[in-house]
Amino acid sequence: NAGVMQNPRHLVRRRGQEARLRCSPMKGHSHVYWYRQLPEEGLKFMVYLQKENIIDESGMPKERFSAEFPKEGPSILRIQQVVRGDSAAYFCASSSGVAGSYNEQFFGPGTRLTVL
Amino acid sequence: GIQVEQSPPDLILQEGANSTLRCNFSDSVNNLQWFHQNPWGQLINLFYIPSGTKQNGRLSATTVATERYSLLYISSSQTTDSGVYFCAVPGPGRRALTFGSGTRLQVQP
């Protein structure tokens with residue numbers, strides 16, 4: 001019973017390059033969440049998606065960041081023109097989607113992005 | 001948005017000691033999760049506890065939703081318990097979790 005999978009686990013980019021982070025939710029889960037953890041800080045919510053829909057992007061920076069969860073394949077968090085301040089651990093979580101109720105979120109191992 | 005405060009921020013224990021970690025939140029919540037982030041950075045689900053008390057081995061948790069707090073108890077601590085403990089709650093009408101700043105626990109042999 002595979003958990004939430006993320007890849008790559010570590011990603012190094014130079015300033016100005018693009019970063020693509022992938023997340024495959026747990027089997028049977030249709031809800032995906034992305035969180036960012038800056039060094040020595042707690043996790044901050046970025047975006048919540050269901051298949052082909054962005055439900056809540058209130059935590060997403062307005063520029064350079066985008067997310068998708070296509071009908072087929074993993075969810076992608078894309079960061080364009082990375083800057084040093086983007087260096088962080090990016091965690092993906094998934095939950096089942098029982099309508100009208102909150103469902104426990106399970107986290108992947110994270111992608112550690114380093115911008116040189 | 002909802003505020004989540006955890007205490008203490010740092011805790012050093014000798015192996016075998018017991019501890020209580022606290023999580024206060026500023027608004028009514030329907031659910032609450034406790035996590036352990038180990039020294040390798042992985043987030044491990046400990047409890048999903050909207051109210052009441054749950055136990056799992058040496059760990060237990062109690063949430064009193066009407067008073068807006070939750071407690072995590074660690075008994076007979078081991079060095080493998082070291083890491084950061086986070087509580088997290090969804091905001092009103094939302095699914096996104098708001099995390100506290102964590103309690104950093106160090107268990108010494």
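Just so we're on the same page: letters track the sequence lines, and every chain starts at 1. Basis for what follows: all heavy atoms, side chains included, without hydrogens, waters or symmetry-related copies. Everything quoted here is computed from the prediction, not taken from an experiment.
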Parallel under 30°, tilted from 30 to 60°, perpendicular over 60°: which one fits the rings of A:H31 and A:Y48? parallel
Look at the side chain of B:N18 and the backbone N and O of B:S76, then say whether any donor-acceptor pair between them is shorter than 3.5 Å. yes
Is there side-chain contact between B:N31 and B:Y48, with at least one heavy-atom pair below 4.5 Å? yes
With a 4.5 Å cut-off on heavy-atom pairs, point out which of A:K44, A:E41, A:Q37 contacts chain B the most. A:Q37
Heavy-atom pairs under 4.5 Å with chain A, option from B:Q42, B:Q37, B:Q6 with the top count: B:Q37
Atom group of A:F106 that falls short of 4.5 Å from chain B, counting heavy atoms: both
Would you check if there is a donor-acceptor pair between the side chains of B:T53 and B:T62 at a distance under 3.5 Å? yes
